[in-house]
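One structure is given below, encoded as structure tokens.
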2 protein chains.
Amino acid sequence: MLDSLPQTQTRADEAFDCLQTAIVKGELAPGEKIGELELCERFQLTRGPLREALGRLESRGLLVRRPHAGVKVVSVSAGELLELYRIREVMEGLAARQAAERMTDQEIADLQTTLDTHEAMIEQAQGQAYYQAEGDYDFHHRIATGSRNTKLAQMLLGDLYYMVRMYRYRLSTSAGRPHMALGEHRRIVEAIAQRDGELAEFLMKRHINAARRNIEQKIEEGLLTF
Amino acid sequence: MLDSLPQTQTRADEAFDCLQTAIVKGELAPGEKIGELELCERFQLTRGPLREALGRLESRGLLVRRPHAGVKVVSVSAGELLELYRIREVMEGLAARQAAERMTDQEIADLQTTLDTHEAMIEQAQGQAYYQAEGDYDFHHRIATGSRNTKLAQMLLGDLYYMVRMYRYRLSTSAGRPHMALGEHRRIVEAIAQRDGELAEFLMKRHINAARRNIEQKIEEGLLTF
DNA sequence: GGCCAAGAGATTGTTAACAAAACCGGCTTT
DNA sequence: AAAGCCGGTTTTGTTAACAATCTCTTGGCC
């Protein structure tokens, strides 16, 4: 039996997690110059571990750093969000294809169960946006890990998804089109269950492409501003 | 006029660069547990900046870290290298497509010039493997930046290429098939020059796919071992 | 009145010492 | 004899003080 989570997590790890979520949730304004001691007080730690966490965040592109001038949260634009979706399209397409080839039957069954509970939540239409988004992340998360492609999962889960979530919070836009997305998810899982990698890739690419165009449209309508 | 390179580079940056190249070139054995003080002496710096660099490298997947147990260079397998090429295939395909849409005419002209000098070097057949590899990196580098997709370029140049280079050094395999690769490069640039993004993507994917199968074949023949 | 320069203040980069946890040896115990 | 326990030693994680750099303000000059 394992005790919750290993407390062996270092202070720098905590700082990294706290800062990452803070940035993603928009608690730290983009472009804002943030001082180290300010962060130290905020997260109750000293500069050593903090700088280590800062380095990791910079390496992941969530912070930009100018020597001797401090760090600031990365500035984001609507165009860059769309570029992110282009990357997601090809990478998650690959993930879906490899997941179709490599996921265990049990994993696929779990994935279908996930969609069932997801569907129930949508139909109840309560807490719709939040659960929708969470369910969406869960879905894509499982497929990324199911690809059995270590680096691919690392890039998706460690880099891209956090970026996308950051934009999502900034845009304060719920995922939108919940029913349609669920149907697309169902079809992707179907393809995976049939071990049809080519189809799974095609459907996933189309799914993300549709999401991208949805955002694009909202931007053109002026509904999304920064 | 700018003075060579800004000396404003911090010690942690130096450590990061040194360590990265050391890992990539295989000077640090994979799976080897390396002590911090050992590295401090080696690169003539103290533990503060070193730890910052270590964090960045861990975040990029070149090191693995166990709390209180030290860092070790990431262990690599032949299978993971092939997985890397799968990722390259889709990402660089996207890069080629976007490069075809967005590169300036000047950039395209430069790219063609690069291939010319590259061809000359191959025909002289002296220092073939080295220049071949360098030219190959240069080619892919230009297309990645030419995509004008910030995050895409960041992921390719900052993560994937270093990984691939690491494997290359470990396998001590030259790129192989120099003439064929050059021809493929030429065709890709042609497609880009004609602003045919779809074709550029197709050709790039096929190019990387061919490289992957080349490696796969060598592995099966037992020519590549770890 | 606006621009440039110099200095004070603050902030970042770096270093060295301190505390805690993991590894390794030998010992005891079954 | 093998396995588990225990303490010393090494190494990592953390902290606090020091040094170098940048920024902002103030003053002077054009």
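Everything quoted here is computed from the prediction, not taken from an experiment. Letters A, B, ... are given to chains in the order of the sequence lines, protein chains preceding strands, and every chain is numbered from 1.
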Practice problem: Go through residues 28-37 of chain A and report each residue with a non-hydrogen atom lying under 4.0 Å from DNA chain C, sorted by number. | Solution: A/Ile34, A/Gly35, A/Glu36, A/Leu37
Quiz item: Where each pair must be Watson-Crick or G-U wobble with both distances under 3.5 Å, what dot-bracket representation of DNA chain C is obtained, with crossing pairs in [ ] and other-strand partners as |?
Solution: ||||||||||||||||||||||||||||||
Quiz item: What integer distance in Å separates A/Arg66:CZ from C/dG13:C1'?
Solution: 16 Å
Quiz item: In whole Å, what is the span from the CD atom of B/Glu38 to the P atom of D/dT11?
Solution: 9 Å
Self-check item: Rounded interatomic separation in angstrom, taking CZ from A/Phe16 and C1' from D/dG13
Solution: 18 Å
Quiz item: Once you round it to whole Å, what is the distance between C1' of D/dG13 and CD of A/Gln9?
Solution: 14 Å
Self-check item: Between C1' of C/dT14 and CD of B/Glu14, the distance in whole Å
Solution: 12 Å
Practice problem: Measure the distance from NZ on B/Lys72 to P on C/dA22 and round it to the nearest whole Å. | Solution: 16 Å
Quiz prompt | Residue list, side chain to side chain contact (heavy atoms under 4.5 Å, CB included) with B/Glu36, at least two apart or on another chain | solution = B/Arg47, B/Leu50, B/Arg51, B/Leu54, B/Arg65
Self-check item: Contact check, side chains of A/Ile87 and B/Leu94, non-hydrogen atoms, under 4.5 Å
Solution: yes
Quiz item: Hey, is the side chain of B/Thr10 poking within less than 4.0 Å of OP1 or OP2 on C/dT12, counting only N and O atoms?
Solution: no
Exercise. Assign the ring pair B/His207 / B/His185 to parallel, tilted or perpendicular, where the plane angle (0 to 90°) is split at 30° and 60°.
Key: perpendicular
Quiz item: A/Leu39 CG to C/dT11 P: how many Å, rounded?
Solution: 12 Å
Quiz item: Less than 4.0 Å between a side-chain N and a carboxylate O, is that true for A/Arg212 and A/Glu92?
Solution: no
Quiz item: Listed by chain and number, what are the side chain to side chain contact (heavy atoms under 4.5 Å, CB included) partners of A/Asp138, not counting sequence neighbours?
Solution: A/Thr114, A/Arg142
Quiz item: Quick one: B/Glu52 CD to C/dT12 C1', roughly how many Å, whole number?
Solution: 11 Å
Quiz item: Once each nucleotide of nucleotides 15-20 of chain D is scored for protein heavy atoms under 4.0 Å, what B/S/- sequence comes out, 5' to 3'?
Solution: BS----
Practice problem: State plainly whether the residues A/Glu83 and B/Arg102 are in salt-bridge range, i.e. N to O under 4.0 Å. | Solution: yes
Self-check item: Lys/Arg-Asp/Glu bridge criterion (N-O < 4.0 Å) met for A/Asp13, A/Arg56
Solution: yes
Self-check item: Closest contact, heavy atoms only, B/Met155 versus A/Met91
Solution: CE-SD, 4.3 Å
Quiz prompt | Minimum heavy-atom distance B/Met163-B/Gly61, with the two atoms named | solution = CE-O, 3.1 Å
Practice problem: Run the salt-bridge test on B/Asp105 and B/Arg195 with the 4.0 Å N-O cut-off and return the result as yes or no. | Solution: yes
For residues 23-32 of chain A, tabulate all N or O donor-acceptor pairs below 3.5 Å that involve a side-chain atom, not counting sequence neighbours.
{"from": "A/Glu27", "atom 1": "OE1", "to": "A/Arg42", "atom 2": "NH2", "distance (Å)": "3.2"}
{"from": "A/Glu32", "atom 1": "OE1", "to": "A/Ala29", "atom 2": "N", "distance (Å)": "3.1"}

